[in-house]
Amino acid sequence: MRGVVARRDLTSLTREKTIVLALLIQLFVAAFSSFLVVGLTSLYDPSAVQGKVTVGVTGEAADVVAAAGAGREGLSAVRYDTRDDALAAFEANQVDALVAAERYADESGGTRVRIEATAPANSFRGTLIVAQLRETLEALERQERQERAAYLDAPVIPLPGEVSASPYFGFSYTVLVPLLLFLPVFIAGSVAVDIVTEEIERGTLELLQVAPLSLTAIADGKALGAVFLGPAQALLWMALLTLNGITVANLPGLLVLTAGLSLALVAVGIGLGLVVRERQRAQLLYSLGVLGAFAGAALLPEHPATTAALLAIDSPGEFSRLLVVLYLVAGVAVALGVRSFVTRIDAEGL
């Protein structure tokens with residue numbers, strides 16, 4: 001009979017236009033996730049977007065700044081004799097940014113370089129310019145450290161070699177994959193709240209109790225239907241990401257992770273719906289609780305998003321694998337605790 005209740009809820013969900021539309025939107029977005037990654041990575045890492053930036057440089061150390069920016073894709077430097085000339089060019093939009101580099105003597109008798117950069121603010125173009133300037137100044141710092149290392153009395157630790165890395169890799173596995181795994185889990189818990197409170201508000205829960213079903217059996221059936229949604233959607237997301245060229249490793253581990261969290265949130269949603277009985281209040285409490293729990297997870301030794309990312313890139317340690325098992329155990333424990341609570345609820349009072 002629990003399976004009958006679960007099938008009934010899943011069938012009714014397929015008739016909900018909002019749910020079907022949300023799934024279709026998810027499928028559409030996932031089908032074009034490669035384009036999504038490129039677009040969102042532009043916001044996550046503006047330096048990933050290539051654009052031509054012209055920087056006006058001035059001062060005694062202008063040559064070293066120009067040398068650091070030489071050969072950098074999308075950046076060109078124009079030398080000005082005075083700061084006023086460079087500032088006039090900046091105000092006339094002839095250059096995108098202004099860098100003044102001056103040498104000065106420090107207390108030990110050596111020389112240092114003071115950098116003053118000016119860039120437009122409050123625009124996406126400004127963000128791109130700042131990203132280009134930051135990379136140029138980092139290259140200058142690296143160059144100065146290498147040249148001055150010979151004057152130190154003690155040897156310094158050699159600088160690590162530069163490596164080329166795709167900005168899409170970090171965004172895909174640290175942001176996109178955890179987002180697509182946990183969003184269905186949160187939705188599953190929200191659906192659990194809905195299917196319970198709607199039965200109470202419409203009075204159909206009493207009709208269900210006419211059948212030879214206890215309140216616990218009804219709650220079990222509804223939980224089965226909602227728990228299925230989280231891992232099923234997560235599996236679909238990961239399959240579509242793979243089809244778009246984003247390899248996802250340890251898929252069984254990721255599904256176990258989402259199953260454990262789905263079990264816990266669906267159980268909480270069922271219990272909350274039976275206690276609050278009013279859809280809007282229950283949804284508000286559920287949403288605030290989930291947001292608080294997700295923020296509080298930052299206090300854990302390893303955030304669930306980090307665990308998911310490590311699994312997806314096939315680099316989990318023993319601790320990450322242990323956490324996956326613990327999340328499943330915690331989900332079962334929460335579900336059993338809520339089930340025990342439901343057995344003590346007076347069904348006649350609902």
Side-chain angles (χ1 to χ4, degrees), residues 6 9-10 13-14 16 18-30 33 36 40 173-198 219 222-241 248 251 253-276 279-300 302-309 311-312 323-324 326-328 330-335 337-338:
D9 286 332
L10 288 175
L13 284 176
T14 60
E16 288 283 345
T18 305
I19 297 295
V20 174
L21 181 60
L23 291 175
L24 290 177
I25 292 175
Q26 289 182 21
L27 287 173
F28 177 80
V29 173
S33 56
L36 179 69
L40 292 180
Y173 291 99
T174 61
V175 178
L176 188 60
V177 169
L179 177 67
L180 298 182
L181 285 173
F182 296 140
L183 189 59
V185 172
F186 299 152
I187 292 176
S190 178
V191 169
V193 173
D194 270 359
I195 58 180
V196 170
T197 52
E198 281 189 358
K222 293 185 174 300
L224 283 174
V227 166
F228 171 78
L229 292 176
Q233 286 191 73
L235 176 62
L236 183 60
W237 276 111
M238 296 304 106
L240 290 172
L241 286 181
V248 179
L251 187 57
L254 293 173
L255 293 181
V256 171
L257 174 63
T258 54
L261 295 177
S262 292
L263 198 56
L265 291 188
V266 167
V268 170
I270 295 286
L272 195 61
L274 290 173
V275 171
V276 178
R279 182 179 179 181
Q280 290 185 345
R281 286 179 55 205
Q283 284 288 6
L284 177 61
L285 290 174
Y286 171 80
S287 300
L288 293 177
V290 168
L291 290 175
F294 193 75
L299 301 175
L300 296 176
E302 184 175 293
H303 196 280
T306 304
T307 304
L311 288 170
L323 283 178
V324 173
L326 290 178
Y327 285 131
L328 181 61
V332 173
V334 172
V338 173

What is the minimum heavy-atom distance between [X] and [Y], and which atoms define it?
X	Y	value
Ala188	Leu229	CB-CB, 4.3 Å
Tyr327	Pro304	OH-CG, 3.3 Å
Pro184	Gly230	CB-O, 3.7 Å
Val177	Ala312	CG1-CB, 4.0 Å
His303	Phe294	NE2-O, 3.3 Å

How many angstroms lie between [atom1] in [X] and [atom2] in [Y], if you round to the nearest 0.5 Å?
X	Y	atom1	atom2	result
Leu236	Gln233	CG	CD	7.5 Å
Leu183	Trp237	CG	CH2	7.5 Å
Thr197	Leu272	OG1	CG	9.0 Å
Ile187	Phe182	CD1	CZ	14.0 Å

(message) Within the 4.5 Å heavy-atom criterion, are Val193 and Arg279 side-chain neighbours or not?
(response) no
(message) Between Leu181 and Met238, is there a side-chain heavy-atom distance shorter than 4.5 Å?
(response) yes
(request) Keeping the roles fixed (side chain from Ser190, backbone from Phe186), state whether a donor-acceptor pair exists under 3.5 Å. (result) no
(request) Let me know which of Val276, Ile270, Val275 forms a side chain to side chain contact (heavy atoms under 4.5 Å, CB included) with Val196. (result) Ile270
List the atom pairs, donor and acceptor, that lie under 3.5 Å between side-chain atoms in residues 255-269 and the rest of the protein, sequence neighbours left out.
unit_1, atom_1, unit_2, atom_2, d
Thr258, OG1, Leu254, O, 3.2
Thr258, OG1, Leu255, O, 2.9
Ser262, OG, Thr258, O, 2.8

